[in-house]
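For ligands, and for the atoms within them, numbers begin at 1 and follow the listed sequence.
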Amino acid sequence: MQHIYLKPTRERPVNNGHPWIFSGAIERIEGDDQRVGVADVFDSKKNWLARGLCNPKSQLRVRLFTWQKEAIDQSFFSRRLSQALVFREQQLAGSTNAYRLCNGEGDFLPGLIVDRYADYCVCQFFTAGMELFKDDIVAALSALASPKGIFERSEGRVREEEGLESSVGTLIGEPPPEFISIEENGHKFLVDLRRGQKTGFFLDQRDSRAFLATLARDRSILNCFAYTGGFSVYAFAGGAKEVVTFDSSHPALELAEKNLELNGFTDRTGELIKGDAFAYLKEIEQKFDLIVLDPPSLAHKRADIDAATGGYKFLNLHALKHLNPGGMLLTFSCSQHLPVDLFQKVVFGAAVDAGRKVTIVRRLGHSIDHPVSLHHPEGEYLKGLALRALD
Ligand code: SAH
């Protein structure tokens, strides 16, 4: 095991429970400093502080898992995953069988995402440390959740920063079928675990979809950035008179159509339209009673924030221009680098430029299965505002 000694005064975030140690905070390392593995962290006076997994290839050198002297092994992962699972089972209604079972730092398991879709689990191992414990985690998950199969979708930028290739495929049990049927608040959705965006479904928006249903009655609704039609299904279920489902992805819209069918909404008014939402919002003449704006992250890194705020302003400005008097806008940003107060300022700027007077009806965010560690506020990425335009 490596012993990592921090520079003087750098122990404070560790003592406050923050799970990340960057290489710049490290004074020296005892042991094989080229190995990925378990590491103990000490302050500059050699006091033991915490235990985690380190990766010499990453600037984010250590991710902390525990502030107690406990072994990091299969039974450790089993305990943490069990705590995470029990919370979801307590909180989610029986009519929901798809949820985030483990939310990385938010479940004190940095680098691990586990999403449950009915009888299957999808895992994302984002760090070299987590990669080391893959077999232990798969064994623990199998025992706790008894899935038919566990599928891996370890892809993306974080893997690259850790010096890891993508890894996709069945880890144990049966390979998932082409589409899995899940239930969310009693609504049915088909999910493509292998090729769908994220791990197949935007589980983080469950609560906001349910909220939309309460606003939908007799309204004409534009679901912009609709993916597989999550908000559209809830809109019809809530009694919407018309729903336009808009996205740039053809496979997503194909599934959206099937999802509307699956829930019995084929005969309802509304179109599915493929295109670029930026162009569409600028060009259309139609107005709506309610618009949902749920774009993909426009800022992938801090340096993108300026460009991203321009994008959010454009979308919100044009959405507000297309609201009928008394109309509502549910607007979201899932950019981790865009703080909520800045997002609100951008939307305010859009309202001023659109010449609308707007109130905040509710603030929206991740569903309950996406907890954010109080010690790691960086984990909060999704924010939303439910707005009402006066006239
Ligand atoms: N609201 C959805 C999730 C939206 S994710 C839900 O509840 O499931 C963002 C979506 O934006 C993706 O489906 C992606 O295909 C789509 N998208 C990305 N760029 C786009 C663009 N320029 N115009 C329209 N859709 C876009």
Exercise. Any atoms of ligand 1 less than 4.0 Å from a non-hydrogen atom of Tyr227? List them with their elements.
Key: 2 (C), 3 (C), 4 (C), 8 (O), 13 (O)
Quiz prompt | Enumerated ligand 1 atoms positioned under 4.0 Å from heavy atoms of Ser249 | solution =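 So the atoms of ligand 1 that pass are 15 (O).
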Exercise. From the options Phe202, Phe231, Tyr234, Phe201, select the one whose nearest heavy atom is closest to atom 5 (S) of ligand 1.
Key: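 Considering heavy atoms of Phe202, Phe231, Tyr234, Phe201, the nearest to atom 5 (S) of ligand 1 sits in Phe202.
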Quiz item: Given Ser232, Ser248, Gly196, which has its nearest heavy atom closest to atom 26 (C) of ligand 1?
Solution: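 Checking each option, the heavy atom nearest atom 26 (C) of ligand 1 is found in Ser248.
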Quiz prompt | Under-4.0 Å salt bridge between Asp204 and Lys198 | solution = yes
Quiz item: Between Lys134 and Glu131, does at least one N-O distance fall below 4.0 Å, as a salt bridge requires?
Solution: yes
Quiz item: Which one of Thr66, Leu85, Ile72, Leu112 satisfies the side chain to side chain contact (heavy atoms under 4.5 Å, CB included) criterion with Arg80?
Solution: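 Answer to the side chain to side chain contact (heavy atoms under 4.5 Å, CB included) test with Arg80 among Thr66, Leu85, Ile72, Leu112: Thr66.
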Protein residue, atom and distance nearest to [atom], heavy-atom basis:
atom                    : value
atom 11 (O) of ligand 1 : Phe225 CD2, 3.4 Å
atom 18 (C) of ligand 1 : Pro296 CG, 3.5 Å
atom 23 (N) of ligand 1 : Ala277 N, 2.9 Å
atom 7 (O) of ligand 1  : Arg209 NH1, 2.8 Å
atom 10 (C) of ligand 1 : Asp247 OD2, 3.4 Å
atom 9 (C) of ligand 1  : Asp294 O, 3.5 Å
atom 22 (N) of ligand 1 : Asp276 OD1, 2.8 Å

Quick one: sort the [X] and [Y] rings into parallel, tilted or perpendicular, breaks at 30° and 60°.
X      : Y      : answer
Phe343 : Tyr312 : perpendicular
Phe202 : Tyr227 : perpendicular
Phe42  : Tyr5   : parallel

Quiz prompt | Stepwise ring pair (Phe, Tyr, Trp, His ring centres under 6.0 Å) check, Tyr381 with His366 | solution = CA-CA 8 Å; Tyr381 61 93; His366 321 96; 4.7 Å; yes
Practice problem: Please confirm whether Gly275 comes under 4.0 Å of ligand 1, counting heavy atoms of the residue only. | Solution: yes
Quiz prompt | Neighbour count >12 (heavy atoms, 6.0 Å) for atom CZ, Arg79 | solution =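 Result for CZ/Arg79: enclosed.
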Exercise. Taking atom NZ of Lys345 as the centre, report whether more than 12 heavy atoms of other residues, nucleotides or ligands fall under 6.0 Å from it.
Key: no
Quiz item: Given that the side chain starts at C-beta and the backbone is N, CA, C, O, which of these parts of Cys224 lies under 4.0 Å from ligand 1, counting heavy atoms, or is it both or neither?
Solution: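 Neither part.
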Quiz item: Do any nitrogen or oxygen atoms of Gln197 come within less than 3.5 Å of a nitrogen or oxygen of ligand 1?
Solution: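 Looking only at distances, the answer is yes, because the N/O contact criterion of under 3.5 Å is met.
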